[in-house]
Participant: 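Here you go, one structure.
No hydrogens, no waters, no symmetry mates; every other heavy atom, side chains included, goes into these values.
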Amino acid sequence: MGSLQETNPSVWVATTPASSYRPLPGPLDTDAVVVGAGIVGLTAAILLQQRGRRVVVVEAGRVASGTTGYTTAKLSALHGLIYDELAQAYGDAVALKYADANLAGIAQVAELVDHYDIACDLQTRPAFTYTCDPEMVDTVRAEVAAARRISLPVSFTTDTDLPFPVDGAIRLDDQAQFHPRKYCLGLAAAVAGGDGSVYERTRALSVDEDDHGRCRVVTDRGTVTADHVIEATQLPFSDKGGFFARTYPVRSYVLGVRVAGAPPQGMYLAAGSPSRSVRSAPVEGGELVLVGGEGHKVGQDDDTARRYRALEDWARGHFSVEAVDYRWSAQDYMPVDRLPFVGPLAPGSPRVLVATGFQKWGMSNGSAAAIMLVDRITGVDNPWAEVFDSNRLNVRQSVSDVVKENADVVKRFIGDRLRTATDRSVDELALGHAAVLTIGTERVAAYRDDAGTVHAVSPVCTHLGCTVTWNTAELTWDCPCHGSRFDCDGHVVQGPAVRDLAPRDEAG
């Protein structure tokens, strides 16, 4: 789920054609149905097809129009400072399996690129986690030690090709970067060219299992019946497993800038705060430097446009920036216990499978998740499945975080209802501004576009009823509780919501 018509399209969206698969033509019966045509869904679909399964992929928007199309697209097992944290919380064995899964995810991408001859700018690159803070050097060294204990071939260094000095960095060679939408378009073509089907503009509305071992996915175009369902929708929309309570949504921002001189060829992530991500990206006429960061919880910033300004200030302070060609933002779900959730939707739903909580590393984690899901469907033992178990509850490590994150949701849910909407009239809304207003006895989310037209919708998110807030950077209404997003006319841009915001009369 997502949109190729975001206010700020990514370089990946802007440099690829829109896909044109038809909507679901009506009821179908198949072996497996995959909901979502991002990296998880399409990787799972092609792997299932390789193992002899008939596959149907349904996508509410277009191929790779959601988070996959708005990532920084690093393929790496070096995820900031995660290994020391995992080792301390769960032991080295869990940290090892997390690393192995991500390395396998990277290898899976390379294998599919080679097998299907997908031109997606796949390039081998070293990955770095760096710091410019002398007080964090010991923390970086501790991460190096933890990674080495699990045989991840990292090294400590101060030598990088960044245009500024660092106090310390972890280096991991033989990682990769690529063009994620070109890759997913190639996967979709392979699925559609085999014993599978891809249907776009088909929104899944519900999923259920019957007593005979079959599943039904009800969409706005018809029902697909299958032996198994994979909800590859970033956060499950049919959430009997309560993943909305075990993850929390964050947004982060990226600039694509042209710089004087050669761009850095490594892939970089700053440890600590503020976090900054750097990588190069080949484009027509040269290379861009992708500068990312400025993460925050969804719906909890009154002026998200300032995030782009902060990134540009940082980029100009560290690079000789000649032009800013692209700016975009992405959404990710963070698991409360630092491990993604991959497997059955709930203990009583063994045939409906999910993958979520990739904590901003969806390209490698998502590819690994697809392998785990396909192994489960085809009866293959998977070495990482227990660590990523979707129905786990790591009580000691996660209960306090579950309480903390859900207290924040409750605060928003109740507080937004007690908070009085502004009583100013729609006529007072300036061009390009939005607000939740009281019109008569009704609360209305209203936006006046640059042409003066007012767009008025209900402010109540159709997922679980929280009040949406205005995103000044992307011109969307975003839910601060579970991350659903809607355009100014109330149409769903991003789930878990599957129903649009109701229209409202701006006159009351």
Participant: Less than 4.5 Å apart, any side-chain heavy atom of Y21 and any of V57?
Facilitator: no
Participant: Under 3.5 Å, is there a donor on one side chain and an acceptor on the other for S277 and K74?
Facilitator: yes
Participant: How far apart are the closest heavy atoms of A271 and L81, and which atoms are they?
Facilitator: CB-CD1, 3.9 Å
Participant: Could you tell me the separation between the CZ atom of R485 and the CG atom of D478, rounded to the nearest 0.5 Å?
Facilitator: 5.0 Å
Participant: F486 and V492: side chain to side chain contact (heavy atoms under 4.5 Å, CB included), yes or no, with the steps?
Facilitator: CA-CA 4 Å; F486 308 84; V492 177; 3.8 Å; yes
Participant: Could you check whether any side-chain N or O of S390 sits under 3.5 Å from a backbone N or O of F341, counting only pairs where one atom can act as donor and the other as acceptor?
Facilitator: no
Participant: Would you mind reporting whether I230 and I377 have side-chain heavy atoms less than 4.5 Å apart?
Facilitator: yes
Participant: Looking at S76 and M267, what are the two nearest heavy atoms and their distance?
Facilitator: CB-CE, 4.2 Å
Participant: Is a side-chain N or O of R443 found less than 3.5 angstrom from the main chain of V460, in a donor-acceptor match?
Facilitator: no
Participant: Whether the side chain of T233 engages the backbone of L235 through a donor-acceptor N/O pair (distance < 3.5 Å, no angle test) should be reported.
Facilitator: yes
Participant: Under a 3.5 Å distance rule, please check whether Y70 uses its side chain to pair with a backbone N or O of V13 as donor and acceptor.
Facilitator: no
Participant: Could you check whether S19 and E200, counting side-chain N and O atoms only, form a donor-acceptor pair closer than 3.5 Å?
Facilitator: yes
Participant: Any chance you could lay out the side chain to side chain contact (heavy atoms under 4.5 Å, CB included) test for L464 and C481, step after step, and finish with the verdict?
Facilitator: CA-CA 9 Å; L464 289 178; C481 292; over 6 Å; no
Participant: P496 and G483: which non-hydrogen atoms are nearest, and at how many Å?
Facilitator: CD-C, 4.5 Å
Participant: Over all heavy atoms of both residues, which pair between R251 and S329 is shortest? Give the atoms and the distance, please.
Facilitator: NH2-OG, 2.7 Å
Participant: Say whether, by atom type as modelled, one donor and one acceptor occur between the side chain of R279 and the main chain of T72 under 3.5 angstrom.
Facilitator: yes
Participant: If we ignore hydrogens and angles and just use 3.5 Å, is the side chain of T43 paired with the main-chain N or O of I39 as donor and acceptor?
Facilitator: yes
Participant: Between T225 and D29, is there a side-chain donor-acceptor contact under 3.5 Å, judged purely by atom types and distance?
Facilitator: no
Participant: The test is side chain to side chain contact (heavy atoms under 4.5 Å, CB included); show your working for R53 and V374 and say whether it passes.
Facilitator: CA-CA 10 Å; R53 300 307 201 266; V374 171; over 6 Å; no
Participant: Rounded to the nearest 0.5 Å, how far does NZ of K97 lie from CZ of F388?
Facilitator: 10.5 Å
Participant: Would you say D302 has more than 12 foreign heavy atoms packed within less than 6.0 Å of its CG?
Facilitator: no
Participant: Please report the interatomic distance CG(N471) to SG(C488), rounded to the nearest 0.5 Å.
Facilitator: 12.0 Å
Participant: State, yes or no, whether a side-chain contact exists between L269 and W361 at a heavy-atom distance under 4.5 Å.
Facilitator: yes
Participant: Grab the two heavy atoms, one from W477 and one from D487, that are nearest each other, plus how far apart they are.
Facilitator: CD1-O, 3.7 Å
Participant: Regarding T67 and Q234, do their side chains bring together a donor and an acceptor under 3.5 Å, going by distance alone?
Facilitator: yes
Participant: Roughly how far, to the nearest 0.5 Å, is CD of Q359 from CG of N365?
Facilitator: 6.5 Å
Participant: Taking the side chain as C-beta and beyond, is there a heavy-atom pair between Y333 and P335 under 4.5 Å?
Facilitator: no
Participant: Between V198 and E59, is there a side-chain heavy-atom distance shorter than 4.5 Å?
Facilitator: no
Participant: Between Y253 and R306, is any pair of side-chain heavy atoms under 4.5 Å apart?
Facilitator: no
Participant: In sequence, state the C-alpha distance, the side-chain angles, and the governing distance for S10 and V254, and then conclude on side chain to side chain contact (heavy atoms under 4.5 Å, CB included).
Facilitator: CA-CA 8 Å; S10 70; V254 187; over 6 Å; no
Participant: Can you say whether the rings of F244 and H463 are parallel (under 30°), tilted (30 to 60°) or perpendicular (over 60°)?
Facilitator: perpendicular
Participant: Are S252 and D332 close enough that some pair of their side-chain heavy atoms sits under 4.5 Å apart?
Facilitator: yes
Participant: Without swapping roles, check the side chain of D301 against the backbone of K297 for a donor-acceptor pair under 3.5 Å.
Facilitator: no
Participant: Please check this pair: side chain of R448 against backbone of L429, looking for a donor-acceptor N/O pair closer than 3.5 Å.
Facilitator: yes
Participant: Do other residues, nucleotides or ligands put more than 12 heavy atoms under 6.0 Å from R499 CZ?
Facilitator: no
Participant: Would you mind telling me which of K240, R351, R216 makes a salt bridge (Lys or Arg N to Asp or Glu O under 4.0 Å) with D208?
Facilitator: R216
Participant: Roughly how far apart are L339 CG and E85 CD, rounded to 0.5 Å?
Facilitator: 10.5 Å
Participant: Can you find a pair of side-chain heavy atoms, one from T68 and one from W12, that are under 4.5 Å apart?
Facilitator: no
Participant: Could you check, using the six-membered ring where one of them is a Trp, whether F243 and H482 have ring centers closer than 6.0 angstrom?
Facilitator: no
Participant: Measure the spacing between OH of Y183 and CE of M363 and express it to the nearest 0.5 Å.
Facilitator: 10.0 Å
Participant: Please check if the side chain of R181 supplies one atom and the backbone of P17 the other of a donor-acceptor pair under 3.5 Å.
Facilitator: yes
Participant: When you look at D337 and R392, which way does the salt bridge (Lys or Arg N to Asp or Glu O under 4.0 Å) test go after all the steps?
Facilitator: CA-CA 10 Å; D337 63 359; R392 72 180 182 272; 2.9 Å; yes
Participant: Regarding T15 and H179, do their side chains bring together a donor and an acceptor under 3.5 Å, going by distance alone?
Facilitator: yes
Participant: Please find the pair of heavy atoms, one from L75 and one from F178, that lie closest to each other, and give the distance.
Facilitator: CD1-CD2, 3.7 Å
Participant: Sub-3.5 Å donor-acceptor pair from the side chain of T472 to the main-chain atoms of A305, do we have one?
Facilitator: yes
Participant: So do C461 and C479 have their SG atoms closer than 2.5 Å?
Facilitator: no
